[in-house]
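Just so you know, ligand 1 is whichever comes first in the structure, and atom 1 is the first atom listed for that ligand.
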Amino acid sequence: MDFKSQLESTLSIERIRLLHLTANEAALRGFPLYIVGGSVRDLVLGRAVNDFDLTVEGDAIALARSLASRHGGKVTAHTNFGTAKWFLPKNLKTDVEAHGTLDIVSARSEFYKHAAALPTVEMGSIDDDILRRDFTINALALRLDGPHFGEIRDDLNGMEDLQKGVVRVLHSRSFIDDPTRIYRAVRYEGRYRFKIAEDTLALIPDARSLVEKLSPQRIRHELDLLLEEPNGVSMLARLDELDLLSPIHPALSNFNQSNLATLKSDDTALQNRQSRWILWLMHLTEQEIEFVNARLHFTADLSKMLRSASLFNANRTAVAGLKPSQYVELLEGYSLRVLETIYPVLANEEIKNKISKYLSEWRHVKPKTTGHDLKKRGLKPGPKYAEILRRLRAAWLDGEVKTKEEELRMLSNLIR
Ligand code: ATP
Ligand code: MG
């Protein structure tokens with residue numbers, strides 16, 4: 001593969017220019033500079049490369065600072081990690097680089113003192129940096145500085161695995177060091193329709209029990225990333241097949257077919273992360289939701305919705321055969337987002353239609369009369385106000401009142 005042409009044919013002129021001037025600055029300082037990890041993988045696969053992961057064998061912060069002093073923009077840096085973020089000047093911004101920034105990190109090596117803990121990080125060579133990575137397909141490095149522009153480093157046969165479509169760890173302790181990699185493997189497998197290598201699959205059993213040592217944030221982050229993928233639902237099924245959901249929490253495993261069918265909604269509006277969490281977990285009891293929440297620490301927003309979804313699911317049969325005003329009263333007890341998410345997948349057509357009506361019309365119905373009007377009529381403010389307005393609204397919803405005159409007549413009766 002000719003990477004120089006591949007870069008030049010895939011990337012816009014502005015991005016190539018940005019890479020070149022970064023590479024020139026690195027060359028001036030004598031620092032080898034590489035695109036690494038997912039960016040190289042996606043370049044080889046001919047996929048869109050979003051953010052570049054740039055790794056320099058040398059001081060990334062110094063490099064970013066000299067780029068900013070030559071070309072403009074600002075730099076923020078983490079000295080502990082040797083990482084720098086260059087906020088690009090206006091004339092160098094591209095429409096791709098997230099938030100108009102370029103990240104540069106110093107090559108590093110990592111040691112795992114304990115299984116499933118965060119690694120200890122030290123400055124290292126590009127060799128070290130390649131060896132700390134998760135899979136061979138993510139361990140490619142493409143050199144950019146000076147005459148080296150377009151040279152590939154493929155020490156671990158990542159190119160071959162990319163061509164064969166194989167996700168393979170670099171060494172047999174990989175999943176023990178970091179069990180999140182198991183979930184990453186399933187994500188890449190599903191995203192690119194690759195296969196996890198047999199010998200890599202064989203390493204899962206020894207690492208499975210370590211999943212429980214992962215912090216709530218780390219394991220939830222992996223599931224969040226997975227649910228954001230277009231193929232996310234198949235990836236969940238694959239995780240279950242490999243028995244990787246039960247180690248997170250037993251309530252998450254054993255996808256039954258209806259559960260899976262619900263999740264596999266064709267409705268694109270339901271293919272976002274939050275909807276998928278709701279559709280996935282709505283079948284759990286409220287208590288199970290609490291247990292799962294204790295393990296995964298959902299955001300307050302999501303955990304509220306999950307509770308609401310579970311409650312709805314438990315009570316959904318009690319919802320049939322009501323008057324519109326009764327539906328409204330009942331449905332107002334549930335999160336709007338939850339109802340919007342759940343109704344398209346409900347099997348009961350009546351309830352489905354009623355919720356749809358509630359969402360599009362009923363919830364907006366209001367009587368013409370306001371609290372202000374009641375005051376003008378000399379009624380003393382109090383709980384009676386809400387009761388009267390509620391009765392008027394119900395009359396509109398149930399078709400007992402169809403005009404303002406009819407409402408006023410009803411109001412007079414109510415006040416009397
Ligand atoms: P994506 O397209 O999902 O962002 P990516 O390959 O860019 O894929 P990132 O999570 O952005 O993935 O990480 C960037 C790179 O860092 C990866 O390509 C991989 O080489 C390395 N990496 C990330 N997470 C791990 C991990 N847990 N263990 C080892 N290496 C990792
Ligand atoms: Mg990435």
If you count the non-hydrogen atoms of other residues, nucleotides and ligands that lie under 6.0 Å from [atom1] in [X], is the total more than 12?
{"X": "R29", "atom1": "CZ", "value": "yes"}
{"X": "H249", "atom1": "NE2", "value": "yes"}
{"X": "R184", "atom1": "CZ", "value": "yes"}
{"X": "H372", "atom1": "NE2", "value": "no"}
{"X": "E212", "atom1": "CD", "value": "no"}
{"X": "K352", "atom1": "NZ", "value": "yes"}
{"X": "E198", "atom1": "CD", "value": "no"}
{"X": "H114", "atom1": "NE2", "value": "no"}

Give the numbers and elements of all ligand 1 atoms closer than 4.0 Å to a heavy atom of [X].
{"X": "R41", "result": "1 (P), 2 (O), 5 (P), 6 (O), 8 (O)"}
{"X": "R133", "result": "15 (C), 16 (O), 19 (C), 20 (O), 21 (C), 29 (C), 30 (N)"}
{"X": "R187", "result": "3 (O)"}
{"X": "T180", "result": "27 (N)"}
{"X": "G37", "result": "18 (O)"}
{"X": "R191", "result": "1 (P), 2 (O), 3 (O)"}

R184 near ligand 1, heavy-atom distance under 4.0 Å?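 Flag set, R184 near ligand 1.
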Any non-hydrogen atom of F135 lying under 4.0 Å from ligand 1?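 No heavy atom of F135 comes that close to ligand 1.
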Can you tell which part of [X] has a heavy atom less than 4.0 Å from ligand 1: side chain, backbone, both or neither?
{"X": "H221", "value": "neither"}
{"X": "R132", "value": "backbone"}
{"X": "Y183", "value": "neither"}
{"X": "L225", "value": "neither"}

Using side-chain hydrogen bond (donor to acceptor under 3.5 Å, both in side chains), reason through S234 and N231 one step at a time and then give a plain yes or no. CA-CA 6 Å; S234 320; N231 281 347; 5.0 Å; no
Without hydrogens or angle criteria, can the side chains of [X] and [Y] be said to hold a donor-acceptor pair below 3.5 Å?
{"X": "N353", "Y": "Y358", "result": "no"}
{"X": "D224", "Y": "W277", "result": "yes"}
{"X": "D301", "Y": "T299", "result": "no"}

Any N or O of D42 closer than 3.5 Å to N or O of ligand 1: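 There is no such contact.
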Using a plain distance cutoff, I'd like to know if Y112 has any nitrogen or oxygen under 3.5 Å from a nitrogen or oxygen of ligand 1.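 It does not: no N or O of Y112 is found under 3.5 Å from an N or O of ligand 1.
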For atom 14 (C) of ligand 1, which of D178, D53, D177 has the closest heavy atom?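 Answer by nearest heavy atom: D53.
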How close does the nearest protein non-hydrogen atom get to [atom], and which residue and atom is it?
{"atom": "atom 28 (N) of ligand 1", "answer": "R181 NE, 2.8 Å"}
{"atom": "atom 29 (C) of ligand 1", "answer": "D134 N, 3.2 Å"}
{"atom": "atom 18 (O) of ligand 1", "answer": "G38 N, 3.1 Å"}

Does the protein place any heavy atom closer than 4.0 Å to atom 9 (P) of ligand 1?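 Flag for atom 9 (P) of ligand 1 set to true, protein heavy atom closer than 4.0 Å.
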Under 4.0 Å from atom 4 (O) of ligand 1, can you find at least one protein heavy atom?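 Neighbour list for atom 4 (O) of ligand 1 is empty of protein heavy atoms (cut-off 4.0 Å).
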